[in-house]
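For ligands, and for the atoms within them, numbers begin at 1 and follow the listed sequence. Numbers here simply count residues along the sequence, with the first being 1.
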Amino acid sequence: MSAPAWAATEDSLSRRDFDRIARYIYAQAGIRLPPAKLTMVEGRLRRRVRATGRDSLGDYCTWLFEDDHLDGERQHLLNAVTTNKTDFFREPKHFDYLQNVALPQMQAEGVRRLRLWSAACSTGAEPYTLAMVLDAFARDRRGPDYGILATDLDTEVLAAARRGIYAAAMVEPVPPALRHRYVLRPRDRTREEVRIVPELRSAIGFAQLNLIDDTYPVGEPMDMIFCRNVLIYFDKVTQEQVVRRLAACLRPGGLLFLGHSESVAGFTLPLTAVANTVFKKI
Ligand SMILES: C[S@@+](CC[C@H](N)C(=O)[O-])C[C@H]1O[C@@H](n2cnc3c(N)ncnc32)[C@H](O)[C@@H]1O
């Protein structure tokens with residue numbers, strides 16, 4: 001029997017169910033969910049309660065764990081608990097470094113084609129920012145050709161990233177010259193949506209990749225990896241394992257960019273700092 005409408009606001013997640021979910025998410029994605037996240041998880045799981053036709057969060061958890069529906073719900077649970085905040089030109093110093101230091105250096109070394117990886121790409125702002133900077137450098141300064149791999153664990157953000165459609169306000173941090181070149185406005189000016197140009201969309205390959213997997217099947221060594229604002233969700237042991245695997249995917253001299261609040265302090269890795277949160281593979 002469905003709970004009456006007035007009861008919906010009182011529906012809450014028990015501590016026992018929260019702990020079961022937190023353990024499962026940690027095992028599947030490395031994401032730590034401390035007790036302070038209970039209200040957040042509660043809010044995010046309400047959509048799954050409705051989608052699966054359950055009566056309440058408690059009923060959903062019984063169905064999930066005791067009636068053995070975990071496998072089928074796995075991806076929905078992962079999509080629900082990930083935090084996907086992102087922006088174009090987020091932490092802009094990284095893109096200044098890319099444009100003014102890293103790209104000219106690699107061009108001077110004679111690199112003909114660059115391979116970049118955005119390793120927790122969310123809805124795509126990070127790989128499209130990279131594509132704008134690389135494409136402008138290739139055209140205006142005869143820079144190297146490039147290809148970008150963009151991966152995430154969350155399948156919903158990957159679908160949004162592939163579409164490349166954003167609220168117009170979201171592209172405001174893009175410098176006007178790049179916005180003019182790489183962002184399309186709809187013919188219907190009343191629509192507040194913009195789309196990234198097809199040339200940039202086709203320069204990026206999107207795929208699902210879980211950073212806690214033992215190996216990263218990304219092909220040839222990368223020239224640069226952006227793995228920003230995801231390590232913060234992992235514990236120290238997982239962070240070190242992830243950065244070690246990322247470093248193994250870089251060519252010697254390749255660069256790793258982490259989020260500004262992330263660090264590799266205390267880890268023994270073949271990396272040396274070259275700028276704030278930018279590391280070079282030794
Ligand atoms: C806060 S966003 C960061 C997006 C972008 N890198 C940036 O800095 O703007 C973190 C992303 O990490 C992804 N994520 C979380 N755990 C992951 C895992 N185990 N493997 C791959 N991606 C993961 C989330 O789905 C989310 O899209």
Side-chain angles (χ1 to χ4, degrees), residues 21-34 37 40-41 44 74-98 116-133 148-164 166-167 169-174 196 204-218 222 224-246 249 255-263 276-279:
I21 287 169
R23 273 196 301 277
Y24 181 72
I25 295 296
Y26 179 77
Q28 296 292 317
I31 298 171
R32 283 173 308 128
L33 291 172
K37 299 265 175 169
M40 178 204 90
V41 172
R44 294 194 184 174
R74 176 181 180 276
Q75 189 62 54
H76 294 297
L77 279 173
L78 294 173
N79 290 357
V81 301
T82 53
T83 296
N84 308 117
K85 184 196 156 23
T86 191
D87 288 307
F88 285 86
F89 283 86
R90 182 178 193 182
E91 299 177 350
K93 287 210 166 71
H94 279 161
F95 301 101
D96 294 342
Y97 184 87
L98 176 65
L116 273 81
W117 177 18
S118 166
C121 68
S122 188
T123 50
E126 182 175 274
Y128 286 124
T129 300
L130 290 173
M132 287 179 195
V133 173
I148 299 171
L149 171 68
T151 63
D152 201 285
L153 176 63
D154 182 333
T155 50
E156 281 179 22
V157 295
L158 282 169
R162 281 192 190 98
R163 281 194 297 276
Y166 299 94
M170 197 160 163
V171 296
E172 273 167 21
V174 178
I196 305 300
I204 305 174
F206 291 99
Q208 189 183 35
L209 186 142
N210 188 344
L211 288 166
I212 72 155
D213 284 352
D214 290 340
T215 53
Y216 300 159
V218 296
M222 296 285 167
M224 294 183 227
I225 300 176
F226 281 67
C227 184
R228 307 187 310 156
N229 303 302
V230 61
L231 294 181
I232 40 169
Y233 300 105
F234 303 152
D235 59 23
K236 278 277 163 206
V237 173
T238 309
Q239 288 181 7
E240 182 164 6
Q241 290 166 345
V242 169
V243 179
R244 186 176 305 284
R245 288 191 288 265
L246 291 173
C249 294
L255 298 173
L256 173 66
F257 295 74
L258 300 181
H260 284 354
S261 63
E262 295 165 334
S263 111
N276 186 20
T277 59
V278 185
F279 304 87

request  = Answer yes or no: is there a donor N or O on one side and an acceptor on the other, between the side chain of Arg90 and the main chain of Arg228, under 3.5 Å?
outcome  =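 Between the backbone of Arg228 and the side chain of Arg90 there is no qualifying donor-acceptor contact (under 3.5 Å).
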Ligand-residue contact atoms, ligand 1 with [X], heavy atoms, under 4.0 Å:
X: Asp154; answer: 25 (O)
X: Ala29; answer: 19 (N)
X: Leu209; answer: 20 (N), 21 (C)
X: Arg228; answer: 3 (C), 5 (C), 6 (N), 7 (C), 8 (O)
X: Ser122; answer: 4 (C), 27 (O)
X: Lys85; answer: 1 (C), 2 (S), 3 (C), 4 (C), 9 (O)
X: Ile31; answer: 15 (C), 16 (N)
X: Leu153; answer: 17 (C), 18 (C), 19 (N), 20 (N), 21 (C), 22 (N), 23 (C)

Which is it for [X] and ligand 1 at heavy atoms under 4.0 Å: side chain, backbone, both or neither?
X: Thr83; answer: backbone
X: Glu126; answer: side chain
X: Phe88; answer: neither
X: Thr82; answer: side chain

For [atom], the protein heavy atom that lies nearest, with its residue and separation:
atom: atom 8 (O) of ligand 1; value: Asn229 ND2, 2.8 Å
atom: atom 5 (C) of ligand 1; value: Ala120 O, 3.4 Å
atom: atom 9 (O) of ligand 1; value: Thr86 OG1, 2.6 Å
atom: atom 25 (O) of ligand 1; value: Asp152 OD1, 2.6 Å
atom: atom 7 (C) of ligand 1; value: Arg90 NH1, 3.2 Å
atom: atom 14 (N) of ligand 1; value: Val230 CG2, 3.6 Å

ask   = If you look at every heavy atom in Leu78 and Gln28, which pair is closest and at what distance?
value =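 Nearest heavy atoms, Leu78 then Gln28: CD2-CB, 4.1 Å.
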Just wondering, do [Y] and [X] contact through their side chains at under 4.5 Å, heavy atoms?
X: Ile196; Y: Phe88; answer: yes
X: Leu130; Y: Met224; answer: no
X: Leu246; Y: Tyr216; answer: yes
X: Thr151; Y: Trp117; answer: yes
X: Glu91; Y: Asn229; answer: yes

Under 3.5 Å between any N/O of [X] and any N/O of ligand 1: does that happen in this structure?
X: Tyr233; answer: no
X: Cys121; answer: no
X: Leu211; answer: yes

key: salt bridge (Lys or Arg N to Asp or Glu O under 4.0 Å) between Arg244 and Glu240, intermediate numbers included   = CA-CA 6 Å; Arg244 186 176 305 284; Glu240 182 164 6; 3.0 Å; yes
inquiry  = Between ligand 1 and Phe226, can you find any atom pair, the residue atom being a heavy atom, that is separated by under 4.0 Å?
reply    = no
Value rounded to 0.5 Å, distance of [atom1] in [X] from [atom2] in [Y]:
X: His260; Y: Thr277; atom1: NE2; atom2: OG1; result: 5.0 Å
X: Leu116; Y: Phe257; atom1: CG; atom2: CZ; result: 8.0 Å
X: Ile225; Y: Phe279; atom1: CD1; atom2: CZ; result: 13.0 Å

query = Residues in side-chain contact (heavy atoms from CB on, under 4.5 Å) with Thr155, at least two apart?
reply = Gln75, Asn79, Gln208
message = Under a 3.5 Å threshold, yes or no: a donor from one side chain and an acceptor from the other, between Asn276 and Tyr97?
response = no
